Amino acid sequence: MAEAAPLYDTYSRAPLRFERGEGVWLVTESGERYLDFGAGVAVTSVGHSNPHVVNALKEQADKVWHLSNIYEIPGQERLAKRLTDATFADKVFFTNSGAEALECAIKTARRYQYSKGHPERFHIITFEGAFHGRTLATIAAGGQEKYLEGFGPKAPGFDQVPFGDIEAVRAAVTDATAAILIEPVQGEGGVRPATTEFMKALRQICDEKGLLLILDEVQTGVGRTGKLFAHEWSGITPDIMAVAKGIGGGFPLGACLATAEAASGMKAGTHGSTYGGNPLAMAVGSAVLDIILAEGFLQQVCDVALVFRQGLASLKDRYPDVIEDIRGEGLLLGIKAAIPSAELLQAIRAAHLLGVPAGDNVIRLLPPLVVTAEEAREGLVRIERAAESIRASKVKKTA
């Protein structure tokens, strides 16, 4: 009898074991090379083993790893200043993950209303298809039954409405509403972008009703859509924003950004983190920003994204029996499959290309932002190879 695995059985893992990474490539223990268009679910923003980031981590590792927030940490001040200089925000709280950044955002919004004399205002309007993390509060915010089942009563204070339905949002606002929380592009929910008109309407509602607009840019931020943050495309700014994934380039790092007004209720003792903002994470985060904020980098992301998007559109036209639609912004793209998406993902993986499953029968393509046009074209070749193999299999079955 096989020995039981010592790990929790919470993941359905692909039978692949990677030993090292190089830019947009991953290499297995047996030496097989895979083009990584999953990037650890939009995390490996500047590629695997990026020399600048590796050097920053090694240099900091020789100095001090952990201090805790009992003391001042200069790296936090430096990285926070860079983030506030580049965004709408005045204040930053560092975390270790996206879920923690969202928890901080939720607490910041509720505490703001409390501090303004409105303790009854703790409800947050969220959207169907959302994914905000795996904590008890963030699964309640996401509202998806498959993540809520079996974990007791849903945490109160989250009111869900259909994604993109502005009248439903207006109808959901009550005297108990504190904020609206949205992903500019739903990632897990099937790579569904919110329109510019919808984002502007949300901003207007918040301004009219005294609500805070919270953006979940955990997956869409740090250059993923071709702007530093996705909300920039719609010309609006939030009051609070959760960031993670790409900001650490693979090192666990998240941040909650807020205006001074929105963060005004978060006084000493109201929130904390043992590891959040540790010196190692701060060194890595700053090194990642060196790359992302370099002149011409985001334009390069847009240029490569256009090549990739056009190529995917061509594949959709040539393989309508396999690919139903192409969605997304920048290098956050989704293939809505015309067959079960698991079959297409398996075929893509067989062509040594890695993607990420999502809702609505979609496969996410999230290459590192350093991907070149040539590497994007190689990815297209492999997707076409996968589509051909599926078509050939169908023909064989009907023969």
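Nothing here was measured: the structure is a model prediction, and the numbers come from that model.
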With no hydrogens and no angle check, just 3.5 Å: does a side-chain donor-acceptor pair link [X] and [Y]?
{"X": "Ser115", "Y": "Arg111", "answer": "no"}
{"X": "Gln76", "Y": "Asn69", "answer": "yes"}
{"X": "Thr84", "Y": "Asp90", "answer": "no"}
{"X": "Ser286", "Y": "Arg82", "answer": "yes"}
{"X": "Asp303", "Y": "Gln299", "answer": "yes"}

With Leu298 via side-chain contact (heavy atoms from CB on, under 4.5 Å) - residues at least two apart: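 Residues passing side-chain contact (heavy atoms from CB on, under 4.5 Å) with Leu298: Leu228, Ile292.
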Can you confirm whether [X] sits close enough to [Y] that some side-chain heavy atom of one is under 4.5 Å from a side-chain heavy atom of the other?
{"X": "Gln113", "Y": "Phe122", "result": "no"}
{"X": "Ile339", "Y": "Leu344", "result": "yes"}
{"X": "Ser273", "Y": "Glu100", "result": "yes"}
{"X": "Tyr275", "Y": "His66", "result": "yes"}
{"X": "Ile166", "Y": "Leu202", "result": "yes"}
{"X": "Tyr147", "Y": "Thr138", "result": "no"}
{"X": "Ser49", "Y": "Arg20", "result": "no"}
{"X": "Glu375", "Y": "Pro367", "result": "no"}

Find the distance between [atom1] ([X]) and [atom2] ([Y]) and round it off to the nearest 0.5 Å.
{"X": "Gln204", "Y": "Ile236", "atom1": "CD", "atom2": "CD1", "value": "12.5 Å"}
{"X": "Leu366", "Y": "Ser45", "atom1": "CG", "atom2": "OG", "value": "12.0 Å"}
{"X": "Leu215", "Y": "Met199", "atom1": "CG", "atom2": "CE", "value": "4.5 Å"}
{"X": "Asn50", "Y": "Thr44", "atom1": "CG", "atom2": "OG1", "value": "11.0 Å"}
{"X": "Glu183", "Y": "Leu102", "atom1": "CD", "atom2": "CG", "value": "8.5 Å"}
{"X": "Arg309", "Y": "Arg327", "atom1": "CZ", "atom2": "CZ", "value": "10.5 Å"}

Look at the side-chain heavy atoms of Ile, Leu, Val, Met, Phe, Trp and Tyr, link any pair under 4.5 Å apart, and say whether [X] and [Y] land in one connected group.
{"X": "Leu289", "Y": "Met282", "value": "yes"}
{"X": "Val362", "Y": "Phe163", "value": "no"}
{"X": "Phe229", "Y": "Leu293", "value": "yes"}
{"X": "Ile247", "Y": "Val301", "value": "yes"}
{"X": "Leu280", "Y": "Val43", "value": "no"}

Basic-acidic side-chain contact under 4.0 Å: [X], [Y]:
{"X": "Arg364", "Y": "Glu188", "value": "yes"}
{"X": "Arg170", "Y": "Glu167", "value": "yes"}
{"X": "Lys116", "Y": "Glu261", "value": "yes"}
{"X": "Asp85", "Y": "Lys81", "value": "yes"}
{"X": "Glu22", "Y": "Arg33", "value": "yes"}

Between the main-chain N or O of [Y] and the side-chain N or O of [X], is there a donor-acceptor pair closer than 3.5 Å?
{"X": "Arg121", "Y": "Ala176", "value": "no"}
{"X": "Lys245", "Y": "Val41", "value": "yes"}
{"X": "Asp159", "Y": "Ile125", "value": "no"}
{"X": "Gln186", "Y": "Glu128", "value": "yes"}
{"X": "Lys227", "Y": "Arg224", "value": "no"}
{"X": "Ser393", "Y": "Ser389", "value": "no"}
{"X": "Gln160", "Y": "Phe127", "value": "yes"}
{"X": "Asp216", "Y": "Val218", "value": "yes"}
{"X": "Thr220", "Y": "Val185", "value": "no"}

Candidate pair Leu16 and Leu26, rule side-chain contact (heavy atoms from CB on, under 4.5 Å), full reasoning: CA-CA 10 Å; Leu16 290 170; Leu26 282 169; over 6 Å; no
Could you report the tightest heavy-atom contact between [X] and [Y], atom names first, then the distance?
{"X": "Leu211", "Y": "Asp239", "answer": "O-OD2, 4.0 Å"}
{"X": "Gln144", "Y": "Gly129", "answer": "NE2-O, 3.7 Å"}
{"X": "Thr237", "Y": "His231", "answer": "CA-CD2, 4.2 Å"}
{"X": "Thr225", "Y": "Ala230", "answer": "OG1-CA, 3.6 Å"}
{"X": "Ala358", "Y": "Gly187", "answer": "CB-O, 3.6 Å"}
{"X": "Leu380", "Y": "Leu312", "answer": "CD2-N, 3.6 Å"}

side-chain contact (heavy atoms from CB on, under 4.5 Å) assessment of Leu83 paired with Phe94: CA-CA 11 Å; Leu83 287 169; Phe94 289 111; 4.0 Å; yes
Please check if the number of heavy atoms outside [X] that lie under 6.0 Å from its [atom1] is greater than 12.
{"X": "Glu72", "atom1": "CD", "answer": "no"}
{"X": "Asp9", "atom1": "CG", "answer": "no"}
{"X": "Lys91", "atom1": "NZ", "answer": "no"}
{"X": "Tyr114", "atom1": "OH", "answer": "no"}
{"X": "Glu374", "atom1": "CD", "answer": "no"}

Test side-chain contact (heavy atoms from CB on, under 4.5 Å) applied to Leu35 and Trp25, step by step: CA-CA 5 Å; Leu35 197 52; Trp25 297 89; 3.7 Å; yes
Reference residue Phe251; test side chain to side chain contact (heavy atoms under 4.5 Å, CB included); the match among Asn278, Asn96, Val288, Val53: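 Testing each of Asn278, Asn96, Val288, Val53 against Phe251, the sole residue satisfying side chain to side chain contact (heavy atoms under 4.5 Å, CB included) is Asn278.
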Residues Glu378, Arg382; criterion salt bridge (Lys or Arg N to Asp or Glu O under 4.0 Å); working and verdict: CA-CA 6 Å; Glu378 177 60 28; Arg382 294 175 186 229; 2.8 Å; yes
Six-ring centre of Phe131, Arg192 cation under 6.0 angstrom, axis tolerance 45°: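 Here Arg192 fails the 6.0 Å and 45° test against Phe131.
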Lys154/Ile139 under side-chain contact (heavy atoms from CB on, under 4.5 Å): CA gap, chis, key distance, verdict: CA-CA 8 Å; Lys154 177 183 171 183; Ile139 60 173; over 6 Å; no
Test of ring centre spacing under 6.0 Å for Phe18 and Tyr34: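 Between Phe18 and Tyr34, the centre distance is under 6.0 Å.
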